[in-house]
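Notes for the one structure printed next.
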Amino acid sequence: MQGEKAWKGTRWHTGVVDRSFFMPDALSVAPRLLGSILSVDSPQGLVGLRITETEAYLGVGSTGPYDPGSHSKDRKTARNASMFLPPGHAYVYFTYGMHFALNLVCSQEHVASGVLIRSGQIVQGLDLARERRHAKQSTRSASNYVKDAQLARGPGNLAAAMGITRESHDGLDLLAEPFHIVQSGVAESDIARGPRVGVAGVAGGPAYPWRFWLKGDPTVSAFRPGRDAPVPPGKPRG
DNA sequence: CGTGTGATCTCCT
DNA sequence: GGAGATCACACGC
């Protein structure tokens with residue numbers, strides 16, 4: 001971090017993040033990531049994202065409460081191994097036989113916690129992002145064409161738009177190529193907080209308000225309660 | 001606009 | 001065998 005901004009009495013840091021940015025854990029990092037720019041480079045070009053929605057997940061060794069919704073809630077496995085890397089690494093997983101999702105690993109090495117990047121606004125490489133998303137669609141007519149605000153709305157769409165896969169990005173250092181992260185925080189009054197999307201059981205309920213998003217931003221995904229989550233269906237939303 | 005379904009990976013029962 | 005940190009499509013009201 002190298003600067004400071006202030007607006008209406010709120011001040012926040014700006015600049016390229018360092019490893020300490022990802023400490024002490026995902027719960028403190030998740031809201032701080034909102035508004036920040038995450039870029040991913042590739043042979044096809046660079047795509048830049050302004051982060052608008054995040055979720056925190058804790059795991060083995062974390063100081064906070066036990067998180068039944070986390071991939072690393074109990075132990076290290078082949079899939080979640082990257083969550084145990086030092087802060088500032090990428091954890092990319094494949095799910096539902098279809099989608100990739102990007103997490104930014106927090107906490108010291110051997111302690112598992114991560115921030116799921118759920119949604120954002122594409123601010124660089126719009127054409128490339130469109131190309132990747134449209135290529136993933138089975139059909140594409142004028143009527144179902146993906147709107148720009150939806151290019152990176154939801155973790156699966158976001159990973160697709162940024163060209164992120166488990167094979168090519170899981171376990172990589174976020175402070176080196178092809179990643180680039182610049183913090184540009186937002187006023188606290190613009191941040192909303194609530195239960196996580198699609199997380200089963202109590203971990204998806206009000207006891208775990210670990211989802212953060214920018215109020216009123218059109219790129220934020222819709223809320224959907226998880227199976228058996230103690231949340232009235234179809235209530236809160238971005 | 002709401003609900004059901006298929007895609008078929010990784011882990012756990 | 002079943003569910004999951006998902007998404008887009010098909011259908012019915």
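For the numbers below, each heavy atom of this structure counts, side chains included, while hydrogens, waters and symmetry mates do not. None of these values were measured; they are calculated from a predicted model. First the proteins, then the strands, lettered A, B, ... as listed; each starts at 1.
For the salt bridge (Lys or Arg N to Asp or Glu O under 4.0 Å) condition, the pairs that include at least one residue of residues 156-175 of chain A, sequence neighbours left out, are R19(A)-D173(A), R166(A)-D170(A). Pairs engaging residues 40-66 of chain A under the salt bridge (Lys or Arg N to Asp or Glu O under 4.0 Å) rule: R50(A)-D217(A), E53(A)-R118(A), E53(A)-R211(A), E55(A)-R118(A) [sequence neighbours left out]. For residues 25-61 of chain A, no residue pair satisfies the ring-ring contact (aromatic ring centres under 6.0 Å, His included) rule, not counting sequence neighbours.
Every side-chain hydrogen bond (donor to acceptor under 3.5 Å, both in side chains) that Y66(A) has, sequence neighbours left out, goes to D74(A). Applying the side-chain hydrogen bond (donor to acceptor under 3.5 Å, both in side chains) criterion to D228(A), with sequence neighbours excluded, gives no partner residue. Checked against side-chain hydrogen bond (donor to acceptor under 3.5 Å, both in side chains), D67(A) has the following partners two or more places apart in sequence or in another chain: R196(A). Residues that satisfy the ring-ring contact (aromatic ring centres under 6.0 Å, His included) test with Y208(A), not counting sequence neighbours, are W210(A). For H169(A), the ring-ring contact (aromatic ring centres under 6.0 Å, His included) partners at least two apart in sequence or on another chain are F179(A).
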I would like to know whether D148(A) and L126(A) meet side-chain contact (heavy atoms from CB on, under 4.5 Å); could you show each step before the answer?
CA-CA 8 Å; D148(A) 287 350; L126(A) 203 47; 3.9 Å; yes
Could you go through the side-chain contact (heavy atoms from CB on, under 4.5 Å) check for V40(A) and H180(A) one step at a time?
CA-CA 7 Å; V40(A) 182; H180(A) 190 69; over 6 Å; no
Show your working on side chain to side chain donor-acceptor pair (under 3.5 Å) between S62(A) and S113(A) and close with a plain yes or no.
CA-CA 7 Å; S62(A) 291; S113(A) 92; 4.9 Å; no
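Among the protein residues, G198(A) comes within range of the sugar-phosphate backbone only, with heavy atoms under 4.0 Å from sugar or phosphate atoms but none that close to a base.
Dashed line: the shortest gap from a side-chain N or O of R227(A) to OP1 or OP2 of dG4(C) is under 4.0 Å. Not one side-chain nitrogen or oxygen of R211(A) sits closer than 4.0 Å to the OP1 or OP2 atom of dA5(C).
For the pair I51(A) and L38(A), the tightest heavy-atom approach, listed with the atom from each and the gap, is CD1-CB, 4.1 Å.
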How does protein reach along nucleotides 7-13 of chain B, written 5' to 3' as B (base within reach of a heavy atom under 4.0 Å), S (only sugar-phosphate), or - (no contact)?
BSSSSS-
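One finds the CG atom of D190(A) at 10.0 Å from the CG atom of L34(A) (value rounded to the nearest 0.5 Å).
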Atom pairs, N/O to N/O, protein against nucleotides 11-13 of chain C, distance under 3.5 Å?
none

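Contacts between residues 54-66 of chain A and DNA chain C, defined by a heavy-atom separation below 4.0 Å, involve Y57(A), listed by number.
Both G156(A) and A200(A) lie close to DNA chain C; mapped to their nearest nucleotides by heavy-atom distance, the more 5′-ward contact belongs to A200(A).
Separation of the P atoms belonging to dT13(B) and dA5(C) is 14 Å when rounded to the nearest angstrom. Taking atom P in both dC13(C) and dT5(B), the straight-line distance is 15 Å, to the nearest Å.
In this structure, N103(A) places its CG atom 14 Å from C1' of dT6(C), rounding to the nearest Å. Rounded to an integer number of Å, the gap from CZ of R196(A) to P of dT6(C) is 11 Å. The interatomic distance linking F100(A) (CZ) with dT6(C) (P) rounds to 15 Å, in whole Å.
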Under the rule of Watson-Crick or G-U wobble with both distances under 3.5 Å, where | means paired to another strand and [ ] a crossing pair, DNA chain B maps to |||||||.||||.
